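This report concerns only the one structure given below.
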Amino acid sequence: MQNLLHNLNPEQLAAVTLPSQHAMILAGAGSGKTRVLTTRIAWLIQTGQVSPAGILAVTFTNKAAKEMTSRLGAMLPINTRGMWIGTFHGLCNRFLRAHYRDAALPQSFQILDSGDQLSMIKRMLKALNVDDEKYPPRNLMYFINNAKEQGLRAQDVEAYDDYNRKFVELYDIYDQQCQREGVVDFAELLLRTYELLSRSQPLREHYQARFRHILVDEFQDTNDLQYKWLKLLAGQSNAVFAVGDDDQSIYAFRGANVGNMAAFEREFRVQNLIKLEQNYRSHGHILDAANTLIAHNTRRLGKNLRTDAGHGEPVRIFESSSDLQEAQWLIEEVKSLLNEGWMRSEIAVLYRSNAQSRVIEHALFTAGIPYRVYGGQRFFERAEIKHAIAYLQLMDNPHNDSAFLRVVNFPARGIGARSIEQLQDAARQHGMSLYAAVPHVSGKAGSSLGGFVRLVERMRFENQTMPLQEVVKAMLDASGLIAHYQTEKEGADRIENLEQLVSAAMLFVSEEGFGIDAPAFAGPKAQAVAGPALVDGEEVEVIDADAPLPTVMSPLSAFLSHASLEAGDNQAQAGQDALQLMTVHSAKGLEFDAVFITGLEEGLFPHENSTQEEGGLEEERRLMYVAITRARKRLYMSFSQTRMLHGQSRYNMRSRFFDELPDASLKWLSPRVQQHSWFAQRKTAWDDVPEAGVNAIAQSFTRKDAGWRIGESVAHAKFGEGVIVSIEGSGTNCRAHINFGKHGMKLLDLNIAKLERVAKA
DNA sequence: AAGGCCAGAGTTTTT
DNA sequence: CTCTGGCCTT
């Protein structure tokens with residue numbers, strides 16, 4: 001115990017050792033949040049207040065869940081495997097597997113990822129002859145997920161007009177289709193769990209009695225349904241330990257509701273509120289910048305980070321004339337950092353939107369600096385992997401129509417669009433899955449489809465006793481996937497990925513502890529059957545509160561869940577020491593010695609779309625706050641006068657966030673020059689910029705009219721500061737489009753408008 | 001069944 | 001500009 005609590009600061013110690021009551025921990029960036037959360041769990045267990053089985057710990061990402069589990073395992077000599085530590089979705093999956101009958105799901109129900117969900121919706125719209133111009137699949141998907149995340153079924157959604165009514169109607173049909181196929185989307189995992197717990201008193205009481213301590217990470221990111229779910233599980237007597245940071249709430253656009261923090265405090269009558277404000281990550285100037293910036297937000301719960309680390313270096317700011325030059329400057333700075341011995345992997349380049357990485361990547365590539373971009377395609381989302389998974393899905397649940405359609409003719413086996421149409425008609429007519437409808441198709445189409453069914457049947461039943469990785473291997477052969485990619489010229493990489501899938505299966509089996517001898521199938525009984533609705537009040541399986549849940553999943557089912565819930569790595573070239581490139585969003589939770597925040601311009605960061613939305617600007621500011629607090633020792637911020645966007649140059653003002661930072665913590669690297677002598681002074685100031693770059697810049701700025709220049713900053717009495725975007729006409733008939741940011745784009749006569757030159761920062 | 005062509009869009013993302 | 005999706009042609 002001494003060990004556990006050793007080295008905690010007073011606030012951390014207080015949080016970890018709080019009594020068994022609801023608590024809210026306001027944990028600032030870099031304040032040791034994960035440490036507090038895991039130590040709290042360890043302390044509760046070690047002091048005998050709760051058994052490992054009585055803990056429910058929820059996170060948003062698999063990464064966070066794994067981190068928590070492994071840290072806990074290092075603190076205590078316990079088996080963490082059976083513990084309920086995981087993501088909302090992962091835990092709900094576990095729950096639904098154990099109670100699939102009560103949840104009215106087939107035992108081998110499968111999980112749709114967002115791509116699967118979208119293609120399912122497209123397929124449905126087509127079958128219903130719905131105009132997908134009028135009802136775009138994406139909008140319908142958004143509508144459905146949104147409703148589910150508020151806990152609403154189709155019949156609960158209020159249709160306020162005809163257009164909306166159609167969405168509701170389609171939502172209902174979509175749910176029926178999912179039910180028929182035995183598949184659930186991400187939101188459904190949560191909603192189904194919530195509904196089952198709501199209506200089944202025995203189940204609810206069982207789990208409420210079991211989870212005495214509920215701990216939630218990143219509470220500011222919870223959506224409405226997740227909050228309701230927590231409330232339900234907490235019941236009257238369990239303690240909820242919520243850790244979050246309202247200043248780092250950056251996911252409102254996907255349904256997160258920061259308001260849940262205040263709601264939690266109020267509705268749970270939280271007596272224990274602890275702020276973790278001691279920052280162990282960043283030097284003083286960096287923290288000052290973060291604190292001063294975020295203070296511009298209203299409606300904060302209130303928090304100020306402090307450090308013992310001293311001021312450190314000021315935040316370096318650079319203004320460039322173009323995005324190309326911004327990248328060029330970045331390269332030079334990175335080079336000198338590397339010369340000083342900084343690690344490449346400890347330097348991050350952040351940007352607001354993915355499109356911005358292009359120019360930077362190009363420059364890094366040319367300079368020969370290894371880099372790694374986060375956010376690419378993930379392993380389980382690759383086409384060849386999706387195909388292989390579809391075969392596995394059919395083996396596990398042949399009524400999954402999405403899986404069926406994906407591979408029925410891949411590799412090509414002469415089953416064309418006409419055969420599929422016939423099959424779909426038959427399926428609709430008999431109200432059954434495509435797979436089940438095959439015997440109802442006659443003729444040539446029927447026999448080729450029959451061949452496919454026999455193939456799947458063979459794969460399903462021949463290998464029942466094989467370990468999972470053998471099943472995967474056999475499937476790759478029998479399906480003809482390997483053979484197909486062998487004939488393709490670019491197929492080598494894909495085959496390599498398919499082989500990696502076998503390794504992934506092997507790794508999964510060893511990590512999840514499925515015995516090597518365990519059959520990959522639970523047997524024919526495990527066939528998908530759209531079960532009857534739950535009989536209310538049905539006796540609940542008795543589960544020993546201390547025993548891990550019975551493994552009701554076959555290894556194959558479990559592996560498929562794993563593939564959907566954990567799409568895998570989404571970073572390229574992992575492993576080697578490389579510069580880290582990512583959006584600010586994906587940087588959340590990470591930290592680096594040196595950080596570059598690039599593209600700090602009005603319209604980009606804050607993003608123009610966000611400035612329209614209610615509360616959008618505050619979210620952008622929080623995003624900026626997240627970006628700043630990623631840096632340990634050195635922080636750079638850069639912005640550019642021009643930037644190529646959608647194929648044309650845009651002239652932006654520097655981000656308003658610069659005006660919200662403390663001058664004392666800033667160091668401007670670029671000279672504060674007078675605009676009229678712009679080129680001459682720039683040239684001398686940027687001697688280290690390659691000649692070609694300077695020439696390109698010069699060319700883009702040679703156009704002058706009535707003494708004004710494109711790209712120049714001006715001030716107007718009414719509209720404030722703006723940038724000249726274009727100039728038309730000349731002499732006495734000369735007008736200019738000027739971007740005044742907040743006030744929008746104005747067309748002004750340069751001979752009439754009273755404009756002043758702005759000496760740029 | 002595959003490749004070519006054109007229109008249209010173009011924040012942020014995990015599960 | 002650059003990627004995607006849908007449609008049309010071979």
Side-chain angles (χ1 to χ4, degrees), chain A residues 58-65 86-94 111-119 122 126 132-133 136-138 142 145 148-149 184-191 193 217-218 221-223 225-226 248-256 323 350-359 362 374-378 380-381 409-418 484 488-489 561-570 582-589 599 603-613 616 619-620 622-624 626-627 643-650:
Chain A
V58 204
T59 64
F60 277 84
T61 63
N62 292 298
K63 198 176 156 201
T87 63
F88 279 99
H89 296 85
L91 295 172
C92 286
N93 181 44
R94 192 192 262 198
I111 303 165
L112 299 178
D113 66 26
S114 354
D116 300 334
Q117 189 187 15
L118 186 63
S119 47
K122 284 180 179 167
K126 207 163 208 174
D132 58 3
E133 302 259 298
R138 276 184 184 284
Y142 180 80
N145 292 340
K148 288 191 180 184
E149 277 162 15
V184 297
D185 59 49
F186 286 133
E188 183 73 24
L189 286 170
L190 273 133
L191 183 53
T193 302
D217 192 16
E218 307 276 20
D221 288 339
T222 51
N223 64 31
L225 182 55
Q226 287 159 343
Q248 291 189 73
S249 162
I250 56 173
Y251 285 116
F253 70 91
R254 67 174 197 213
D323 47 353
L350 309 184
Y351 34 80
R352 176 64 178 81
S353 63
N354 287 303
Q356 289 166 249
S357 76
R358 238 194 158 70
V359 179
H362 180 74
Y374 282 66
Q377 202 182 28
R378 303 158 124 229
F380 285 105
E381 284 165 359
N409 198 34
F410 192 93
R413 39 178 80 88
I415 299 173
R418 279 184 316 279
H484 171 83
E488 220 178 46
K489 24 184 201 306
S561 292
H562 167 81
S564 303
L565 291 173
E566 236 176 296
D569 232 340
N570 64 348
M582 66 194 85
T583 63
V584 181
H585 280 93
S586 16
K588 190 176 164 210
L604 247 191
F605 200 178
H607 196 277
E608 54 190 320
N609 295 359
S610 309
T611 52
Q612 316 293 332
E613 294 157 20
E619 177 139 324
E620 293 290 301
R622 291 192 291 270
L623 194 53
M624 182 66 182
V626 167
R643 183 175 298 275
M644 283 297 269
L645 198 65
H646 307 330
Q648 52 188 345
S649 295
R650 294 197 13 167

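Only heavy atoms go into these numbers, but all of them, side chains included; no hydrogens, no water, no symmetry mates. First the proteins, then the strands, lettered A, B, ... as listed; each starts at 1. Not measured: the values here are computed from a predicted model.
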Between L565(A) and A412(A), which has a closest nucleotide on DNA chain B that is more 5'? A412(A)

Would you mind telling me which residue lines up with the more 5' stretch of DNA chain B, H484(A) or L623(A), judged by nearest nucleotide?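 This one resolves to H484(A).
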
Roughly how many Å apart are dT11(B) and dG6(C), using the C1' atom of each and rounding to a whole number?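 Those two atoms are separated by 25 Å.
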
Considering only the C1' atoms, how many Å lie between dC3(C) and dT14(B), rounded to the nearest integer? 23 Å

What nucleotide, of [options], holds the atom closest to the side chain of [X]?
{"X": "N354(A)", "options": "dG6(C), dT2(C), dT13(B)", "result": "dT13(B)"}
{"X": "T583(A)", "options": "dT13(B), dT11(B), dA1(B)", "result": "dT13(B)"}
{"X": "E620(A)", "options": "dT11(B), dT14(B), dA1(B)", "result": "dT11(B)"}

Starting at [atom1] of [X] and ending at [atom2] of [N], how long is that distance when rounded to a whole Å?
{"X": "L112(A)", "N": "dT15(B)", "atom1": "CG", "atom2": "P", "result": "17 Å"}
{"X": "Y142(A)", "N": "dT13(B)", "atom1": "OH", "atom2": "P", "result": "16 Å"}
{"X": "R254(A)", "N": "dT14(B)", "atom1": "CZ", "atom2": "C1'", "result": "5 Å"}
{"X": "E613(A)", "N": "dT11(B)", "atom1": "CD", "atom2": "P", "result": "12 Å"}
{"X": "R358(A)", "N": "dG10(B)", "atom1": "CZ", "atom2": "C1'", "result": "12 Å"}
{"X": "D217(A)", "N": "dT15(B)", "atom1": "CG", "atom2": "P", "result": "13 Å"}
{"X": "E566(A)", "N": "dT14(B)", "atom1": "CD", "atom2": "P", "result": "13 Å"}
{"X": "D132(A)", "N": "dC7(C)", "atom1": "CG", "atom2": "P", "result": "8 Å"}

Stacked pair H585(A)-dT12(B), distance under 5.5 Å, angle under 30°: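 So no, this residue does not stack on that base, at least one cut-off failing.
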
ring centroid sep under 5.5 Å plus plane angle under 30, F253(A) with dT12(B): yes

Would you mind checking if R254(A) and E149(A) are paired as a salt bridge, meaning a charged N to carboxylate O distance below 4.0 Å?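 No, this pair does not count.
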
Look at D221(A) together with K588(A) and state whether they make a salt bridge at an N to O cut-off of under 4.0 Å.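 Yes.
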
Touch class at under 4.0 angstrom, heavy-atom based, for [X] against every strand present:
{"X": "D185(A)", "result": "nothing"}
{"X": "F88(A)", "result": "nothing"}
{"X": "N93(A)", "result": "nothing"}

Hey, what's the ring geometry for H562(A) with F380(A), parallel, tilted or perpendicular (30° and 60° as the breaks)? perpendicular

So, is [X] close to the [N] phosphate, meaning a side-chain N or O under 4.0 Å from OP1 or OP2?
{"X": "N609(A)", "N": "dT12(B)", "value": "no"}
{"X": "N62(A)", "N": "dT14(B)", "value": "no"}
{"X": "R352(A)", "N": "dT13(B)", "value": "no"}
{"X": "S586(A)", "N": "dT13(B)", "value": "yes"}

Counting heavy atoms not belonging to R413(A), are there more than 12 under 6.0 Å from its CZ?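 Yes, enclosed.
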
Counting C-beta onward and ignoring hydrogens, is there a side-chain heavy-atom pair between E613(A) and E619(A) closer than 4.5 Å?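 No; the side chains remain at least 4.5 Å from each other.
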
Is there a donor in the side chain of T611(A) and an acceptor in the side chain of E608(A), or the other way round, less than 3.5 Å apart?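 The criterion, which ignores hydrogens and geometry beyond distance, is not satisfied for E608(A) and T611(A).
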
Assess whether one donor atom and one acceptor atom, taken from the side chain of S114(A) and the base of dT15(B), lie less than 3.5 Å apart. yes

